[in-house]
Asks: 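Let me give you the structure first, and then I'll get to my questions.
One is the number of the first residue; the rest follow in order along the sequence. Computed from heavy atoms alone, side chains included, the values below leave out hydrogens, waters and symmetry copies.
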Amino acid sequence: NPAHMLIFLKYKFNPKSVKVIEIKRGNPFEIKQKDWISEHSPQGFEVRYQIKKHLFSKKSKYQQIDVIENEEFGKMLFLDNDLQIAEKDAHIYNSALVSPIIRAKIPLNKIAILGGGDGGVLKELIKYNPKKVSLIEIDKEVMEASKQFAQSIYKKPSYESKIEIIIQDANKFLETNDNFDAIIYDLTMHPELLVDKSQKEFLYNIFTKIKNSLKEKGIMTLQCCSEYDTKTLKLLKEILPKYFKNINFKKIFIPSYCKNWIFASATVK
């Protein structure tokens, strides 16, 4: 009996972790892997993450939310099977969005984070004692899951640090809020999967609003895409120069993503 053999081997070797693949005989060949989560790439490959423990799984109004624990990367947050952040290297991602603002040596009086419901960018930003930060997240369930199951990443808001959490669509928020020293774009670059708009239409629309919501010398930072997503990068290089100057793209390796990720910064034109 394979199950009994597995118990015997675990007892004898006392392994640190055990991975089980169930193979169904016959044709077609099928593999059932309930202890893995797969992130599919439009560029023709996938990355699979072994689930040491499934901490949270829920379908919200907007997306499927999963928090798992992985042997190597710790707690990991997925939205629709797309990895957002991992405990082990969250600091790399968060710093990539915050550090250009700090290097610019601008006043940190009023900053907005668009997206970022996992709280990691907020956690990095408040190290520099900003006067006021607004975090705009459309899906409250993402914040609740991160707060409960990924506390090492999530930063709990406090009135003392003058943080306001706004549950709202980022586009609507930008229509009625302005005069920001900096805006951090931590939203998806593929909104066509969520809203009834093309990627190009959505990005033109939101970057127009971001530009209008920034002060004269305001700065924007953004997460762009995988280095393999050349279509999105090409589109950004078309759109951003219409509204911004001093545009700087930077490629940074994120270990949990298993690939380089592109970040950018720019100032109001």
Asks: Which residue, F263, F244, F207, forms the ring pair (Phe, Tyr, Trp, His ring centres under 6.0 Å) with Y185?
Replies: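 Single pass found, and it is F207.
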
Asks: For K59, is the NZ atom crowded, meaning more than 12 foreign heavy atoms sit under 6.0 Å from it?
Replies: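 Atom NZ in K59 is crowded, with more than 12 foreign heavy atoms closer than 6.0 Å.
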
Asks: Just verifying a value: how many Å separate H190 NE2 and D80 CG, rounded to the nearest 0.5 Å?
Replies: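 One gets 13.5 Å once the value is rounded to the nearest 0.5 Å.
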
Asks: Tell me if a side-chain donor or acceptor on T267 pairs with a main-chain N or O of I219 at a distance below 3.5 Å.
Replies: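 No; judged by distance alone, with no hydrogens or angles, the pair does not exist.
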
Asks: Find out whether L174 and K172 are in side-chain contact, i.e. whether some heavy atom of one side chain is under 4.5 Å from a heavy atom of the other.
Replies: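 No, every pair of side-chain atoms sits at 4.5 Å or beyond.
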
Asks: Does the pair Y204 and K197 meet the rule for a side-chain contact (heavy atoms from CB on, under 4.5 Å), with working shown?
Replies: CA-CA 11 Å; Y204 261 107; K197 285 184 180 180; over 6 Å; no

Asks: Is a donor from one side chain sitting under 3.5 angstrom from an acceptor on the other, for T208 and Y243?
Replies: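 Per modelled atom types, T208 and Y243 side chains form a pair under 3.5 Å.
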
Asks: Please report the C-alpha distance between I184 and L222 in whole Å, then the side-chain angles of each, then the deciding distance to 0.1 Å, and finally whether the side-chain contact (heavy atoms from CB on, under 4.5 Å) criterion is met.
Replies: CA-CA 6 Å; I184 298 174; L222 60 153; over 6 Å; no

Asks: Donor-acceptor check, side chain of N248 to backbone of S265, threshold 3.5 angstrom: yes or no?
Replies: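 Side chain of N248 to backbone of S265, a donor-acceptor pair under 3.5 Å: no, none is there.
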
Asks: How close do D186 and G116 get, heavy atom to heavy atom, and via which atoms?
Replies: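 So the two residues come closest at OD2-CA, 3.3 Å.
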
Asks: Are any side-chain N or O atoms of T221 and backbone N or O atoms of L97, one a donor and one an acceptor, separated by less than 3.5 Å?
Replies: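 Yes, the answer is positive, given that a donor and an acceptor are paired below the 3.5 Å cut-off.
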
Asks: If you round to the nearest 0.5 Å, how far is NZ of K209 from OG1 of T176?
Replies: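 Answer rounded to 0.5 Å: 10.0 Å.
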
Asks: Looking at E216, I'd like to know if its CD atom is crowded, meaning that more than 12 non-hydrogen atoms belonging to other residues, nucleotides or ligands lie closer than 6.0 Å.
Replies: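 Open.
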
Asks: So, taking the atom named CZ in F56 and the one named CD in E69, what distance separates them when rounded to the nearest 0.5 Å?
Replies: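 The distance works out to 16.0 Å.
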
Asks: Find out whether V142 and L77 are in side-chain contact, i.e. whether some heavy atom of one side chain is under 4.5 Å from a heavy atom of the other.
Replies: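 Answer yes - side chains close enough.
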
Asks: Over all heavy atoms of both residues, which pair between A112 and F173 is shortest? Give the atoms and the distance, please.
Replies: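 Scanning both residues, the minimum pair turns out to be CB-CE2, 4.2 Å.
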
Asks: Does any part of the side chain of N260, heavy atoms only, come nearer than 4.5 Å to the side chain of I254, both counted from C-beta?
Replies: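 When only atoms from C-beta onward are counted, N260 and I254 do not touch, as no gap falls below 4.5 Å.
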
Asks: Yes or no on side-chain contact (heavy atoms from CB on, under 4.5 Å) for V133 and L108, after CA distance, side-chain angles and deciding distance?
Replies: CA-CA 9 Å; V133 179; L108 302 179; over 6 Å; no

Asks: Within the distance-only criterion (no hydrogens, no angle test), does the side chain of E87 pair as donor or acceptor with the backbone N or O of K75 below 3.5 angstrom?
Replies: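 It does hold such a pair.
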
Asks: Can you tell me if K259 has over 12 outside heavy atoms packed within less than 6.0 Å of its NZ?
Replies: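 Yes, enclosed.
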
Asks: Tell me, do L125 and P130 make a side-chain contact under 4.5 Å, heavy atoms counted?
Replies: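 Sidechains of P130 and L125: in contact.
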
Asks: Are K61 and E141 within salt-bridge range, i.e. N to O under 4.0 Å?
Replies: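 Looking at K61 and E141, the cut-off is not met.
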
Asks: What verdict does the side chain to side chain donor-acceptor pair (under 3.5 Å) test give for Q64 and S57, after you've listed the backbone C-alpha separation in whole Å, the side-chain angles of each residue and the deciding distance to 0.1 Å?
Replies: CA-CA 7 Å; Q64 173 64 35; S57 183; 3.0 Å; yes

Asks: Answer yes if the side chains of E124 and S99 hold a donor-acceptor pair under 3.5 Å, and no otherwise.
Replies: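 Distance-only check fails for E124 and S99.
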
Asks: Considering non-hydrogen atoms only, spot the tightest contact between Q223 and M189 and give its length.
Replies: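 Shortest heavy-atom separation between Q223 and M189 comes out as O-CE, 3.3 Å.
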
Asks: Any side-chain to backbone donor/acceptor pair from Y49 onto S256? Under 3.5 Å, distance only.
Replies: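 Judged by distance alone, yes, a pair lies under 3.5 Å.
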
Asks: Whether the H40 and N81 side chains hold a donor-acceptor pair (N or O, under 3.5 Å, no angle test) is what I'd like checked.
Replies: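 H40 vs N81: no donor-acceptor pair found between side chains.
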
Asks: Looking at every non-hydrogen atom in both residues, tell me the closest pair between P255 and I92 and how far apart they are.
Replies: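 Shortest heavy-atom contact: CD-CD1, 3.8 Å.
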
Asks: Is there a side-chain contact between N177 and S134 in this structure, where contact means two heavy atoms from C-beta onward sitting under 4.5 Å apart?
Replies: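 When only atoms from C-beta onward are counted, S134 and N177 do not touch, as no gap falls below 4.5 Å.
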
Asks: Looking only at atom types and distance, does a side-chain atom of Q84 sit under 3.5 Å from a main-chain N or O of D82, one as donor and one as acceptor?
Replies: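 It does hold such a pair.
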
Asks: Rounded to the nearest 0.5 Å, how far apart are OG of S60 and CG of L79?
Replies: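 Between atom OG of S60 and atom CG of L79 there are 8.0 Å.
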
Asks: Hey, does L233 have a side-chain heavy atom less than 4.5 Å from the side chain of D229?
Replies: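 D229 vs L233: side chains apart.
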
Asks: With a 4.5 Å cut-off on side-chain heavy atoms, are L235 and L203 touching?
Replies: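 L203 vs L235: side chains touch.
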
Asks: Could you please spell out the steps behind the side-chain contact (heavy atoms from CB on, under 4.5 Å) verdict for W261 and I252?
Replies: CA-CA 5 Å; W261 204 258; I252 298 175; 5.7 Å; no

Asks: For F249, is the NZ or CZ atom of K237 found under 6.0 angstrom from the centre of its six-membered ring and inside 45 degrees of the ring axis?
Replies: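 Yes; both conditions hold, so K237 lies above the ring face of F249.
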
Asks: Which atom names give the shortest non-hydrogen contact between I136 and A170, and what distance separates them?
Replies: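 I136 and A170 have their closest heavy atoms at CG2-CA, 4.0 Å.
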
Asks: Quick check: does any side chain N or O of N94 sit under 3.5 Å from a backbone N or O of A90, one acting as donor and the other as acceptor?
Replies: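 Here the side-chain-to-backbone pair exists.
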
Asks: Side chain to side chain donor-acceptor pair (under 3.5 Å) between T232 and Q199: does it pass, once the steps are laid out?
Replies: CA-CA 9 Å; T232 296; Q199 182 188 37; 2.9 Å; yes

Asks: Less than 4.0 Å between a side-chain N and a carboxylate O, is that true for E137 and K140?
Replies: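 E137 and K140: not salt-bridged.
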
Asks: Under 3.5 Å, side chain of N70 to main-chain N/O of F73, donor-acceptor pair present?
Replies: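 Yes: the side chain of N70 pairs with the backbone of F73.
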
Asks: Taking K215 first and then D181, would you say they form a salt bridge - that is, a charged N and a carboxylate O separated by under 4.0 Å?
Replies: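 Judged by the 4.0 Å cut-off on N to carboxylate O distance, K215 and D181 do form a salt bridge.
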
Asks: Report the distance from atom CD1 of I166 to atom CG of L135, rounding to the nearest 0.5 Å.
Replies: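 Here the rounded value is 8.5 Å.
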
Asks: So do I167 and M143 actually touch side chain to side chain, heavy atoms under 4.5 Å?
Replies: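 With C-beta onward as the side chain, the pair touches.
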
Asks: Restricting to non-hydrogen atoms, name the atom on C258 and the atom on F253 that form the minimum distance, rounded to 0.1 Å.
Replies: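 Minimum heavy-atom contact is C-CE1, 3.9 Å.
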
Asks: Rounded to the nearest 0.5 Å, what's the gap from OH on Y93 to CG on L83? Could you check?
Replies: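 So the OH of Y93 and the CG of L83 are separated by 10.0 Å.
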
